[in-house]
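All remarks here apply to the structure that follows.
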Amino acid sequence: MSTTTTPNLKAHEVPIPELDVLKSWLLDMLRIREFEVRAMQAYQNKLAGGFLHVYNGQEAVAVGCIAAMRHTDPVITAYRDHGHALARGLDPKIGFAELFGRIDGCAKGKGGSMHFFDRDNHMFGGHGIVGAQCPLGTGLAFATKYNDEVINGGKSDSVTACFLGDGALNQGSVHEAMNLAAIFDLPIIFCVENNRYAMGTAIDRCTASGDQITNRAVAFDMEARTIRGMDVIEVYREMTEIVEWVRSESRPYFLDIDTYRFKGHSMSDPRKYRTHEEEVEFEANDPIDKLSRYLTSSKLMAEEDIKAMSKSVRSEIREAVAWAKQSPVPDVSELHHDVYADVWGPFTGTSLPRYMLEKRSGEGGDADGA
Amino acid sequence: MPMAREIEFREALREAMSEEMRSDPRVFLMGEEVAQYHGAYKVSKGMLEEFGPRRIIDTPISESGFAGMGIGATMLGLRPIVEFMSWSFSLVAADQIMNNAPKILYMSGGQFGCPIVFRGNDGAGGQLGSTHSWCVESLYANVPGLKMIIPSDPYDAKGLLKSAIRDENPVFCLESERLLSIKGDVPEEEYVIPIGEAVIRRPGTDCTLVGFGRTVYFCEQAAEELAKEGIECEILDMRSIRPLDLDAIVTSVRKTNYCVVVDQSWSFASIGSEVAAEVHKACFDDLDNHVHRVHNDDVPAPYSHDLEQEMLPHARKICEAVRSATYNA
């Protein structure tokens with residue numbers, strides 16, 4: 001499956017992490033899945049509005065990729081962003097508060113499902129326009145390198161992960177971003193979550209060379225490979241190698257991650273464009289089941305332990321929903337807050353969301369590290 | 001005594017950028033041909049030699065890409081200056097500059113501001129045809145979250161651009177190719193001009209002329225002409241469009257009782273119509289006639305020289321508007 005053109009990279013030599021780490025991945029994937037299940041329920045109950053794009057089926061991508069990075073390495077993604085934010089460490093209750101349009105959300109209820117930002121966890125959004133996050137991602141990589149080398153006089157030491165869907169591959173901004181990353185030697189990984197559908201349009205109907213999208217990287221003189229995205233261990237091992245290579249070489253990388261979206265594009269999607277048989281086939285590859293099977297068959301975890309973990313996640317998420325439900329809706333005064341950084345006319349300046357302010361006051365300082 | 005010298009508009013812009021880059025390593029300039037070519041209009045001439053290629057950055061012809069790259073860099077604390085060779089070309093970056101830069105603070109609930117300057121030539125140049133002659137001010141001024149400055153002389157260009165680079169919000173700086181070579185007094189000493197303050201270019205008692213950028217010169221020509229007829233116009237140079245110094249307009253109109261707005265963008269849903277609406281609201285009892293507006297003609301910019309000149313909100317049209325407005329004085 002792997003179609004690497006990169007020399008000297010050996011994913012299979014990346015050790016499988018110890019049990020505690022594997023358990024944390026299982027916990028993360030279960031938490032994302034349960035978050036999405038409850039988010040869909042909340043949507044149906046009209047607690048959440050707008051558009052809702054859930055991540056079910058793709059959990060191994062966010063969890064495996066992010067596990068291979070340092071916490072300070074920037075992450076940016078598109079609108080199917082709950083998984084990345086949670087994998088980065090966003091508290092689910094803050095996520096639900098955002099979905100419900102409440103003041104305790106990560107964007108005070110002003111961003112919604114598609115705009116999960118979490119600065120303390122180096123999560124730079126959640127972006128609603130297809131592909132538009134890719135120029136921003138190159139800007140993050142540009143900035144880490146500029147900060148490291150031009151301002152601090154050292155060597156580039158960060159790696160940016162810029163997630164995008166296969167549907168974004170036909171946006172001009174994505175090609176512009178890849179070209180910029182290549183000519184400026186930016187340390188960025190374009191992680192294409194290739195779930196085979198751009199909304200409801202199958203990849204072979206909308207993307208030239210769609211059966212081998214790594215071809216596009218060739219045009220930008222960019223290293224590339226295709227990996228299986230339903231196995232978190234494999235995602236982690238492949239991503240670890242790539243992250244190390246990108247960090248040491250300060251070059252962009254194109255990663256085609258084969259995955260599948262179990263649910264529709266959004267909540268209004270009747271999924272007429274694909275067959276039930278296909279869905280069943282891919283559901284048999286559930287990344288959570290896969291890791292669970294690995295853990296039980298390797299006698300690392302008993303089935304009862306996994307069930308207990310799952311139960312505890314369900315209760316954590318249930319509590320998060322309850323917490324978010326009691327969070328107040330934003331005061332009308334919020335309407336004119338965070339429009340400009342300064343105060344003028346009807347605009348009242350800006351401030352961090354409550355959960356970040358509380359964290360800072362809890363730490364007894366005004367540390368404000370971006 | 002403060003030392004003043006005459007320098008060109010483009011030199012004033014260059015001095016603003018260079019001074020801010022010397023004092024703040026987070027500031028850098030990028031755009032098409034800004035480095036080795038010295039800027040398509042020589043605004044950044046010599047900056048590559050002083051600051052090197054890591055801070056004066058030639059980009060590909062890729063506005064959506066490098067505009068977005070600049071916006072992304074602000075999220076990690078940098079303060080980019082992005083030059084559009086022409087604001088006409090910014091249209092292909094519209095999603096980045098209208099959707100991301102001015103909204104990211106709001107969408108992130110205050111987590112990420114966007115201290116970035118976009119600058120470049122705006123408005124009709126010389127026979128560039130319709131795709132290269134955009135006046136983007138009315139289009140972009142519609143968007144909350146950004147600030148907009150349109151300086152008309154070297155002194156303002158330098159002082160306003162320095163404020164823009166220090167501002168914590170995205171600032172759109174619109175320059176006119178037709179003004180880049182004009183000279184004006186600029187002190188050696190450091191100074192800044194606050195964004196959002198208009199200035200009176202010519203005091204007068206009979207009619208308020210509201211202009212900004214290149215139209216200030218059209219207003220001056222018209223005022224000279226009208227003075228011969230005994231009509232003394234007061235010219236307000238707005239300098240900033242967002243925030244707009246409405247108080248300055250109101251103060252002047254309460255004195256003159258007449259108002260003509262001169263705006264080089266199209267009339268429909270424009271800065272001119274916005275000023276007219278606000279003046280009607282604030283000065284309803286002071287006005288002796290409705291606010292008159294002079295705009296570019298409501299047509300794409302033509303190539304042919306005489307047609308292009310006629311399209312502009314030039315002095316003859318302003319004179320006609322002032323006479324029409326003040327006929328009952």
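Atom set for the values below is all heavy atoms of this structure, side chains included, hydrogens, waters and symmetry mates excluded. Lettering of chains follows the sequences in order, A, B, ..., and the numbering in each one begins at 1.
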* B:Leu146 versus chain A, the contacting section by heavy-atom distance below 4.5 Å -> backbone
* Winner by heavy-atom pair count (cut-off under 4.5 Å) against chain A, out of B:Pro25, B:Gly113, B:Pro144, B:Pro243 -> B:Pro243
* Asked: Which is it for B:Gln96 and A:Ile129 under the side chain to side chain contact (heavy atoms under 4.5 Å, CB included) test, yes or no, and what are the steps along the way?
  -> CA-CA 10 Å; B:Gln96 292 296 340; A:Ile129 303 291; over 6 Å; no
* When you look at CD of B:Gln36, are more than 12 heavy atoms from neighbouring residues, nucleotides or ligands closer to it than 6.0 Å? -> no
* For chain B, which residues from residues 130-149 of chain A have at least one heavy atom closer than 4.5 Å to it? -> A:Ala132, A:Pro135, A:Leu136, A:Thr138, A:Gly139, A:Leu140, A:Phe142, A:Ala143, A:Thr144, A:Lys145, A:Tyr146, A:Asn147, A:Glu149
* To do: Could you list which of residues 171-184 of chain A have a heavy atom closer than 4.5 Å to any heavy atom of chain B, in residue-number order?
  => A:Ser173, A:Glu176, A:Asn179, A:Leu180, A:Ile183, A:Phe184
* To do: Would you please name every residue forming a side-chain contact (heavy atoms from CB on, under 4.5 Å) with A:Asp73, sequence neighbours left out?
  => A:Met69, A:Arg70, A:Arg88, A:Ser158, A:Val159, A:Arg247
* Asked: Do side-chain atoms of B:Arg54 reach the backbone of A:Val150 as a donor and acceptor pair under 3.5 angstrom?
  -> no
* Under 6.0 Å from the CG atom of B:Asn142, do we count more than 12 heavy atoms belonging to anything else shown? -> no
* Sub-4.5 Å side-chain heavy-atom contact between A:Pro353 and B:Gln111 -> yes
* Asked: Counting heavy-atom pairs under 4.5 Å to chain B, which of A:Leu186, A:Thr350, A:Thr160, A:Ile76 comes out on top?
  -> A:Thr350
* **Contacting region of B:Asp24 [heavy-atom separation from chain A under 4.5 Å]** => neither
* To do: For B:Ile61, look at atom CD1 and say whether over 12 heavy atoms of other residues, nucleotides or ligands are found less than 6.0 Å away.
  => no
* A:Leu335 vs B:Tyr106 side-chain heavy atoms within contact, under 4.5 Å -> yes
* Asked: Does A:Asp342 offer a backbone N or O that forms a donor-acceptor pair with the side chain of B:Glu168 under 3.5 Å?
  -> no
* How would you list, by chain and number, every residue that makes a side-chain contact (heavy atoms from CB on, under 4.5 Å) with A:Ala217, sequence neighbours excluded? -> A:Met222, A:Ala224, A:Phe254
* Asked: With a 4.5 angstrom heavy-atom cut-off, which part of A:Pro330 approaches chain B: side chain, backbone, both or neither?
  -> neither
* Asked: Non-hydrogen atoms of chain A under 4.5 Å away: do they reach the side chain of B:Lys147, the backbone, both or neither?
  -> both
* Top residue by heavy-atom pair count (under 4.5 Å) with chain B, among A:Gly125, A:Cys106, A:Gly345, A:Gly112? -> A:Cys106
* chain A interface, residue from B:Gly52, B:Cys114, B:Pro60 that has the most non-hydrogen pairs under 4.5 Å -> B:Pro60
* Asked: Is the number of heavy atoms from other residues, nucleotides or ligands within 6.0 Å of OH (B:Tyr37) greater than 12?
  -> no
* From B:Met75 atom CE to A:Arg119 atom CZ, the distance as rounded to the nearest 0.5 Å -> 11.5 Å
* To do: Report yes or no: does A:Asp338 contribute a side-chain atom to a donor-acceptor pair with the main-chain N or O of B:Leu105 at less than 3.5 Å?
  => no
* Asked: Would you find a donor on one side and an acceptor on the other, under 3.5 Å apart, between the side chain of A:Lys110 and the backbone of B:Gly109?
  -> no
* Quick one: pull up CZ in B:Phe112 and CZ in A:Phe117 and give me the separation to the nearest 0.5 Å. => 7.0 Å
